[in-house]
Every structure is written in structure tokens, then in C-alpha cells.
Amino acid sequence: MTDAAAARGANLDRERLCAFYRQMWRIRAFEECAMRGAEAGEVFGTVHPSIGQEAVAVAVCGNLRRDDILLSTHRGHGHTLVKGADPYAMMCELLGRVDGSCRGKGGSMHIADFGVAMLGANGVVGANTVIAVGAAQRLKYLRSDRIVACIFGDGAVNRGTFLEALNWAAVHALPVLFVCEDNRYAASTRTCDLTAGGGAAARGPALGVETVEADGNDVAGLDATVRELVERVRGGPPVLLVARTYRLAGHTSRDPAAYRPEAEVAAARKEDPIARCAALLRLAGVGEEELAGMREAACREMDAVYERARGAAWPPRALAFADVQDVGSPEERPF
Amino acid sequence: MTDAAAARGANLDRERLCAFYRQMWRIRAFEECAMRGAEAGEVFGTVHPSIGQEAVAVAVCGNLRRDDILLSTHRGHGHTLVKGADPYAMMCELLGRVDGSCRGKGGSMHIADFGVAMLGANGVVGANTVIAVGAAQRLKYLRSDRIVACIFGDGAVNRGTFLEALNWAAVHALPVLFVCEDNRYAASTRTCDLTAGGGAAARGPALGVETVEADGNDVAGLDATVRELVERVRGGPPVLLVARTYRLAGHTSRDPAAYRPEAEVAAARKEDPIARCAALLRLAGVGEEELAGMREAACREMDAVYERARGAAWPPRALAFADVQDVGSPEERPF
Amino acid sequence: MPRMTYLEAARRALAEEMRRDPDVWAVGEDLGRGGVFGQYRGLIEEFGPERVIDAPISENAILGSSVGAAMTGARPVVEMRFADFALCAIDELVNQAAKARYMFGGQIRVPLVVREPVGLWKSAAAQHSQSLEAWYVHIPGLVVVMPATPADNAGLLKAAIRCDDPVVYMEHKDLWGLEGEVPEEIEPIPLGTARLARAGRDLTLVTWSAAVHTALDAAAQLAGEGVDAEVLDLRTLWPWDREAVFASVARTRRVLIVHEAVRVGGFGAEIAATLAEELGDRLAAPPRRLGAPRIPVPYSPPLEQEVRIPADRIAEAARALLRA
Amino acid sequence: MPRMTYLEAARRALAEEMRRDPDVWAVGEDLGRGGVFGQYRGLIEEFGPERVIDAPISENAILGSSVGAAMTGARPVVEMRFADFALCAIDELVNQAAKARYMFGGQIRVPLVVREPVGLWKSAAAQHSQSLEAWYVHIPGLVVVMPATPADNAGLLKAAIRCDDPVVYMEHKDLWGLEGEVPEEIEPIPLGTARLARAGRDLTLVTWSAAVHTALDAAAQLAGEGVDAEVLDLRTLWPWDREAVFASVARTRRVLIVHEAVRVGGFGAEIAATLAEELGDRLAAPPRRLGAPRIPVPYSPPLEQEVRIPADRIAEAARALLRA
Ligand SMILES: Cc1ncc(C[n+]2csc(CCOP(=O)(O)OP(=O)(O)O)c2C)c(N)n1
Ligand SMILES: Cc1ncc(C[n+]2csc(CCOP(=O)(O)OP(=O)(O)O)c2C)c(N)n1
Ligand SMILES: [Mg+2]
Ligand SMILES: [Mg+2]
């Protein structure tokens, strides 16, 4: 199915496509700011950009309700933004400021926003899958119609937690949408070289979880797929979505990613989901100026966010000692 | 295929069937002694009997070369015996004597006999699979034609190590024969209730490991299957064998196993591999007296082993402090 | 007061908490048939399989799912079967449960109780006998509880379940059958409070879990010799009751810390170091520690004996301390 | 002597060991592209993919397979990337590697080196900054090594690789770029020997890993005030060099233990408790400890600062100790 056909098939109106386009640009602009911040030494910790993977974030998180639960990874800015988190709070988090989503205590790898049911990025690959099934078990216990979306990478399917989580979700018929964001790499490693059998797409069914594969760079098609899957998962058994995409940037903002064949990168650039969406929009009659306008608006928004966040206050030192635990909480400076 | 057909198909001679029969009885007699010992308080630790599963031990371990490597579980007496370990040393281990396979330091759950390339039972379910792939990687590195057999239960396939080990073995095309001894229970839990998808048989192929299912109580048929698989694995990629059997005793010698439906147990008793082998032997013209003779010989052997082991010396106390480590080894009684 | 076993006391406390609070549930292997030691017997009949959750052998998922459930309002009681198997779920416990509240800037709490039966028991050997409480005390975010008596196993379990922090709750396998009085109305016991197991003037024995009983035996021996030992049962290791320990030791001026775990790097070191640092000159002798030698737990009884700390050995160390 | 970084020193030592002994191999994620910090750069070109083994994100299998390989004659160097991720493979390390030789009655040894980069580094926050050496010291069967200088990271890595025991080898991420002299011919440094980083008369600073450098800065500050601090770099935590520490402390009669890890339950407690017990009255003041507060490592630099122990703080504690 071509992108254009998908666009028609999903019966997308221009507005909806524009919304995707804007969201994807917001993600990219956010991350480009963050990467510049990292280069400038203002963003301290490691930044894992999701450039090239924005369609997955938009299609998956855009189809969640605000009270549906999301668990993300180290590469989670896009997911979190689309789920509804405030980019200013997110940027403050990266900059270590007190206005950050986690008051500056987590950084990029630990952004969480419980206000929009975003239960956290995670610094440990594959750890979120088992957490997700517990959240879903709770929802089921409450007879809630909320669902849990759990996004992870193609590298994570080689951790044992993948098996344990999918088996658990299937045994209990839990409302989890597992999303494998297959960007072909785990850090500098081509995952196909170290993943036996059919990878996630084969493992899901073997673990009793219905599995769907999709083009992860076709935002319109993926949106239609996810919309359907989310409704199926609601209240029902889990589903695994394997979205094929590509990490256009390095593993971290510091990684030149020279280990990738140039031809591969060149081919992948042509599949950039933003460019593909632009092409669809052109087919739908949107002009260059309007396209540029949407892009620039996103960039302006995130530049402003960055500037505002740069001016935010640092967390007071006492915050270091807060929220450790209720019982046996540390005294300040005990040494 | 009926057992009889299997017997003919495998072109088994009477002698070979008799050898199976004797070996199965040796295992059962060994474990019955051990269970009596546990009841008498002479065998201290937990004993996990494999009564009803003897055919798997005989068929799998009987087809290994002495230098092929074996990794077993908490339920490993049969595997270890057939691999060639000395029952006296094993019984001494259960009785905590210095002549034990591990000098009395391991007990039933940690019997190992490196002299016959038996690299250990394991007290942690599913831990042996990842150890096995490393041993196989070493063999491959040495350009050896030895293989590794790794036996585990149907409960172990829900531990993440199952995924990690099979994936690793498949990626490196390692010579491992994985054997899932499916006795339908994990302690008091029916594994089918907590295992989603097709269980081991579905997970193996999804992880890139060729998988074969077999009747684990038909010793002759299973022997033929394993013989072929062992040759395939030698030097080659891994294979998973799923052997369907039943645990006729409790999880431990102390477990009355009242959680099992009586009808299920009654049906399973009819499939007792020893009884089925006896039936085959009768077809092959072996008389009752000869059958009883083989059985009694096994019981006499193990009774004698038990008696001799009871008389063996206790380990000297200094042994508690030996073989901890070379560097920074503990002083005796340091407190 | 009714008498019951350590096991039954915990079972009853758990059942009461489950009745009181529908957010409390239990999860672990074989719970539907009462759990491996019978600590959950009868609960599935009362609370059903949604609240007494049978788990596959998936330690990562058992603990990890409990983190997710706790973040969404459940208060899971997580059964690890043997403390040794919790080693299969350390990432979930230490990197996730213990840190989530902090990393996420206080947005969420992770109220769960991880039950880890510990200790020497029936020649269980190296992979079924460990006591690793010192590890958890070292991890910010965790509370560590080790009850020694039936009454404490009721009251502390209630407190642990009501606590909003992740609690590592270590019951000693060799105490399951121990009988004692348990109040008709089980009240939560404040976490972080030690119990005076025996008052005495001449020296303080600081101890916890099964070692409390051996220490009491030693104290009885010593009493026969005219030595009056105080025995403090710490009950909670993090936070530990510094006030109670300091007050006792300031009085007796001599302290012996006794634990079953390996002495090197055991929690006794923290107490001894703290007392040395903070009470310093006011002690008549430096704090002393008894713990297991740094060897894995061997199977054979005469060897296993070498890792045990019998009452004789405690009494002997106490005498030496009094001479110092 | 040539100068090189801490990272390059280890790389060179590993390459030399791999040349010397075909049983040595390295396994871990991204090793084929040099490893996450570049510690393995160039090795795959020289030794090929059978000896520089790229691993999937399968920590259980990375460590577990190394146990199996070690039991069959390999000497794996196991890269865990960050010490924090070793928590995903604790069963394999603690229940299997550390115990196999003992449980199996001495039939086999498990010679492997588990490299676990530790410590505070570039605002890596709670899941990428931990120093859990105290855990491993508590586990019978394990050797624990923490080099502080390029020369030591060469000589100790060689010794660890040649050691027949499982060794937890903790490099500090913040030291990768530290330059220093390394002998042309790298000789293994005997495990269990401390290094006198600075001789002094007035007090002893016992420390290891990155904290050694801060302690030296503090000693320089103190020298300006006429205080002559001795700095002992422990290098190996298990076994730790009791002789060297005892000799120094017996001389200076004052000891301050400094480590980056959380103070509560840190290895400093073991040293302090041991010194108090065994040197007792011969000390002019009780042993003191500096370590991180019991909080997870926060991200934001001003907060992270609260878990760091700067030279000022060490000097201040040293002054207080001298007044005691
Ligand atoms: C358990 C664990 N092992 C290793 C790492 C280091 N690490 C961080 S991201 C990453 C690659 C993850 O690959 P994938 O799952 O495909 O996600 P992607 O980065 O491609 O989004 C690795 C190995 C980690 N964080 N956690
Ligand atoms: C990691 C771990 N979890 C739990 C246990 C406790 N346990 C011992 S045997 C057993 C059942 C194992 O079932 P299965 O793998 O089917 O083997 P079987 O006992 O049936 O031979 C369990 C849960 C353990 N030893 N290790
Ligand atoms: Mg990836
Ligand atoms: Mg089974």
C-alpha cells in the first residue's frame, strides 16, 4: 500500500495530516534544541535523539487517551511530547532546572509526567516491559478501560524481560499495546546480526501475543493501524506492534555513528517520515509556504522553550534530600 | 506411532531395550533410596525425585559421549547417573559425606561431576541455559566436535534466561541440545496455566532454534530421536527437544502433591516409562522373571550404594574453608 | 493473647490487611496453593486469584510488574520464595523500585513489600541460604525489615504493607514454626524501632532475625555466670534504631553485634563503625562483631556448622569483651 | 615510561593478555566497535570476532555464558558497560560464578573478570552512576578490584585476568581520560596490595578509585597548613591490604576512610569497624568515614554536587580528626 493510498484509506483529512506534520516537527525541533544544548554543555547528561522515528511517537501516542498509560525508553522525548507533556518542563529537565518534569532529578533518561499518565523513560533497556504489565494488571483489576502502551527498541527484544513481560500479559489477557520501535540499531550494533529467528515479529506470537508489523515511517498508515490496535487492546488481550523505522542520528548526540554504511543512511534519509508526510501533504494540496510555516512554528516554539528553560532556576540543594523515602529518609549532609 | 512400532522402527535389539530398562530402574531405585533417606532424616537437604521421567534421562544422556557436556537441574539424579557419574559418590553427596561428588558441599541440588563432563545441577531454575551456551561457545572456539546438552523443565521456559540463551545459541550456531523436560508442573503450579502461546515448542523456532517434540515416556522412540538430534547438533546449530512426560512423585520428597487431580495422576501412571518399556520387552519376548531380575538388580545395587554411603566419613571441618577462592581465601573461623 | 507460629502470624496479618485495603494484593509462585512454606494458605479462597496472583517462574516480571502496579495504586506483597532468587530481580528492585520516586522528582511512590525468606535452613546449601540484608541497607530508597518473633512478624508486616516506601521484608525460614504470643488485635509496629528482648547492665548484644534467639540463649548462659547481658532486637535495619542502640550502649559501654550473615561487609560493620565514631571514648571496649565466615553456605551439616554462630560462641565473645 | 590514559592502559594490558593467552576473550555489547567508552578499540581487528565477542542486550547471557566458558577453560573478560547494568546479571555473578567452585567441591574454577565501570560521570543520574563495591566484598568467592591510576589499570587488569577466581573489576568512568605513566613492560600487580599514594605522618586517608585523587588534593591542601596526611590507595577491596592499613594507622593513630559510594553500608564501614576492633586503644581517635549520603544520584549538577565528596570536605574532616 502506498503512502498516498494509506492516506486515502485512512480517510485522513488535510487537517489531520497537518497535525501529524506539526507534531513531528515539534519533536524534531525539540531534539535539535536539546542536541545543541548538549553541544553547548548546557544539557548535561546523555541525549538520545529519535530523529527519523517521529512518526512512531505521533501515531502511537497520538492515539492514546490522556489517561492511558505510557512507558517509554531512553529515546523517549517524542513519545512524551505527543502524550501531552509540557515541552518547557521537559526541556527544564534536560537542563537540570527545578521546573523540570522531575524537578531536575532525572534528566533526559528519566523524564516522567504522571499528570499525563507518562510513567517514565527508563535508563535500563527492557525494564519498562515488566513494569508495564503490572500497570495493566492494576487497570484490569480496577475494571478500567484504560490501556498501557509500552514502547521499546529492537535491541530490547533480546533481554529476558521481553519474554517474561509478554508471557505475563498474555496469560492475564492484559490491556497492553507493546510497541517495538525497530530502528535497526542498538547503540553501534546492527540488531539483525544478534537477533535470531524472526525477531520481535516472530517472538510475539510465540508468546501468545498477537503481532502486527508496520511501516514506522508512514505516519498516516501507522496512525490508522494504531487506532485500530488501541481499540482492540482496550479491555482485551495484549498486542505487539513492530514498527520499522530508522535512527537517522547517532545513538547519542555525541555519536557520529560512523559504523553505519553510507548507502544505508542515504537510503534511510529518503524515508524520513517528515519528508514523506510533506510529500503526502503536497498531494493533498498543501503548498511549500504552508509547509515551511508549520516547520518554522515548531522551531520557534522549541527555541522559545529552550530560551525560557535556560532562564529557569536551579533546584535548591535541599531537593537532593527530598523524596528518597518516608521511613529512614536521609538527613541533609549526613557525613 | 505406537511404542511397538517405534521399537521396530528404531531397530532396537532386545539388549538395547534391556539396557534402557536397567538404567531406568537404576535411576528409580537410586531415588527411592534417597527418598527413604530423606524420610529417615539421613539425607538432609531437599530431594527432587524424577520418578516417571526416567526415559528422558536415559534417552538424552545415554546418547551423549562421555566428553559431551551436560548441564542439569534440581531434578538431575537421573541425568547425572546416565551420564556416567558414580552412584556411590552421588549418594554420599546427598548424605553430606566427604566421598560425595562435591565432597558433601553441594548436596542433591548441586551435584556435579566434571570427570564425566557433568557441569552441575543448579538450584536456580533457568540458570543453566545461559551457562550452557558459554560452554558451547568454548567448544566451538576449540573446533571441538563435543556438544552441550542442557536439560530444564517446562517451568524454566518462563524465565528470561530461556530467551537469552536460545537467541545466543542460534546467533552463534552453537552445538547445544536444549532439552525441555515437560512434566506439566512447576512445583505445585500447572505450567499450562501460566505459559502463554505454544510454550517451549513455539518459542524455540521463534528464537531461531529448530525444535522437535517427542513423547518423553517412550524410551525407545525418544532414544532414536535423540540419537539423530545429537548428530545434528554436533558442530552444528542448536536444537531444542521438548519431551512430554509427567512427574509421578511430588515436587520434593516431602510434597504429597495433593494439588493434582487424581484422574490425571491415574492416567499418567499408565504411561509410566518403566512400565511401557516392560511392555515392549514382553513383546520382545522377555519373561517376567528376567524383568523382575533386572529390577531387583537395580534395587540391590542402590541399596548397597546407600548402605556403603551411610558408612562413609563426614567431611573434615577444614573443608568448609577450602575452595572458596585463591586470592583472599578466608582464614578458618575468622570471627 | 493467642499463641501462634511466626508463619501463621504473618499469614493472619496479611489477611487482615487484605480485608482492610482492597489495593493490597499478593503475587508470587505457587501462592494459589498456599506458597512454598504455606504462608499464603487459604488466602486465594478468601480473596480470589485476582488478589492472590499465581506467577510463572519469571522473577523479573514478578517484581517488575509489582513496580508498575504500585505506581498505579496497588500495594503489592511480592513473594520471592527464597531471598536467593531475588537476585534474579535485582534490577527491578534496586534500579526501579528503589529509585523511581526520587528520579521522577517525587511524582510517585512505589509502595511494595518484597518478602525474601532468608537464612540457614535444612541444609539448603549455597543457593538457598543467603542473608543479604546488608545489600539493601546500602541502597537509598529501601526500607529493610527482619522480624524475629511471631508478634513482630504480624505487626511489622502490617507496618510494611502500610508503608509508602518499597520494603524488603526478610523472614527467617528457620523461624516459620516458632510459636509465640500475638496480640488479638494486631497493630502495626512502627518501622525503625528496636525491641528490648532482654534488659541487662553489663553489655549489649545488638542482633536481629533468628540470631536474636541464639543471643538470648547466650544471655541465659551468661546470667548463670553472673553476667547480665542486654539483648536488643533491631527488627528494622533501615532505618535502624540509633537512639535505642546508643542509649543501651552508652549505659553498658560494651557492645557485641551478632548476625547470621557473612561478617565481612555485613550490616554489623555499619553499626560497629557508627558506634565507634559516635560514642568513641565512652566505650569501655571497641564494638565487636560476630558473623559468618566469608564462605558460601556448605551443604553437609558438620560443614554448615562452621557458618553458624552458636550461643556458646556468643557467650565466649561476650566474656572476652567483658575482660577487654 | 610512556604516558597514556587510564583507558589506554587497560586496553593495552588486555591486548597483551590476549596475545599471551589464547584462552582470554572479551565479550559484551558493542565491543566490535570498540566498546561504549573505546576501551576495546582495535581489538576486533587484531583478535577477530571469536575473541572480541559482540553481544546482544542479554546481560544474563553475557555473564552466564561467561561462567560456562570459564568452566571449560576460557578466561572471559566480561564487559558490563555500566556497573548499574550488572544488576541485570546478579544471579549469574553471585549465585553461579562466585559459588560454583565451592559448591562443586573444588572440581572447577571460574576465572573471569567482570568489568563494571562505576561512579559519578557527566550527570548520568540514578541508573548510570552507582558504585556498589560493598556488595561484592560481602560475597564469598569474589575478588574486588578498583584501580585509580593508569599504571594500576594496566597492572591490575593483567593480574585480574591471570587470577583463577571471578574478579569484579571496577573502573571509574571519570578516570578514563586521566593520564599517567605506565611501565613499558606491564607487570601484573599482586591483588590485595595497597599503594602508598602519599606518605605522611599525621593521619591516614584510606581510599580507592577516583576518590584517591580527591584525597590527594585534600592532602596537598593540608600540607599547606602543616598537616602531613598519608594517602593509601587500597586498589583491591577484597582482599584488602590489612597489613598496609594497620601499619599506617598504627603509626599515624588517626584514620579517615573516604569513598564515593553511599556511606551507609559502604565498604568504609568494614574498614572502620575492623580498625576499631583490632587497633582499639592504640588509636588517638575513632576511625572516621566519608561517603555519599543515602540518596540516589540526582541529575542536576547542583544536586549531584551533594553526593560528591570534594577535597575541601576531606580536609575539613581531617582537621576535625586531628582535633579529636
Ligand atoms: C540492560 C541494559 N543494557 C545495556 C544498556 C546500554 N544501552 C542503552 S541504549 C542501548 C541500545 C538500545 O537499543 P534499542 O533497544 O534498539 O533502542 P534504541 O536505542 O535503538 O532506541 C544500550 C545497549 C542499558 N541501558 N541497559
Ligand atoms: C529462579 C528460581 N525461581 C524459583 C525457584 C523455586 N523452584 C524450584 S524448582 C521449581 C519448579 C521448576 O519447574 P520446572 O522448571 O518445570 O522443573 P521441574 O521441577 O518440573 O523439574 C521452582 C519454582 C528456583 N529454584 N529458582
Ligand atoms: Mg534500536
Ligand atoms: Mg516441570
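Chain letters run A, B, ... following the sequence lines, proteins first and then strands; every chain starts at 1.
Most heavy-atom pairs under 4.5 Å with chain D: of the set C/Ala272, C/Pro287, C/Ala89, this distinction falls to C/Pro287. Taking C/Ala86, C/Ala134, C/Pro298 one by one and counting their heavy-atom pairs under 4.5 Å with chain D, the maximum is reached by C/Pro298. The most heavy-atom pairs under 4.5 Å with chain C, out of D/Phe85, D/Tyr102, D/Tyr299, D/Phe267, come from D/Tyr102. By number of non-hydrogen pairs under 4.5 angstrom with chain C, the leading residue of D/Gly280, D/Ala125, D/Gly266 is D/Gly266. Heavy-atom pairs under 4.5 Å with chain D were tallied for C/Ala273, C/Gly141, C/Ala261; the largest tally goes to C/Ala273. Interface check for chain D: of the options C/Val94, C/Val262, C/Leu93, C/Leu279, the most heavy-atom pairs under 4.5 Å are formed by C/Val262. Most heavy-atom pairs under 4.5 Å with chain C: of the set D/Gly268, D/Ala126, D/Ala276, this distinction falls to D/Ala126. Most heavy-atom pairs under 4.5 Å with chain C, from the set D/Asp281, D/Ile139, D/Thr274: that is D/Ile139. Your options are D/Ile295, D/Ile257, D/Val297, and the one with the most heavy-atom pairs under 4.5 Å with chain C is D/Ile295. Of the residues considered (D/Met103, D/Gln96, D/Gln127), D/Gln127 shows the highest number of contacts with chain C, using heavy-atom pairs under 4.5 Å.
For a residue to count as touching a neighbouring chain, one of its non-hydrogen atoms must lie under 4.5 Å from one of that chain's; by this rule C/Ile271 does not touch chain D. Contact annotation for C/Gln130: only side-chain heavy atoms (C-beta onward) come within less than 4.5 Å of a heavy atom of chain D.
Classification of the D/Trp135-C/Trp135 ring pair by plane angle, with boundaries at 30° and 60°, yields parallel.
Using a 4.0 Å cut-off between a side-chain N of Lys or Arg and a carboxylate O of Asp or Glu, C/Arg294 and D/Glu270 do not qualify as a salt bridge.
The distance from atom CZ of C/Arg263 to atom NE2 of D/His138, rounded to the nearest 0.5 Å, is 12.5 Å.
Without hydrogens or angle criteria, D/Asp84 side chain to C/Asn95 main chain gives no donor-acceptor distance under 3.5 Å.
C/Cys88 pairs in a side chain to side chain contact (heavy atoms under 4.5 Å, CB included) with only one of the listed residues (D/Asn60, D/Ile90, D/Asp91), which is D/Asp91.
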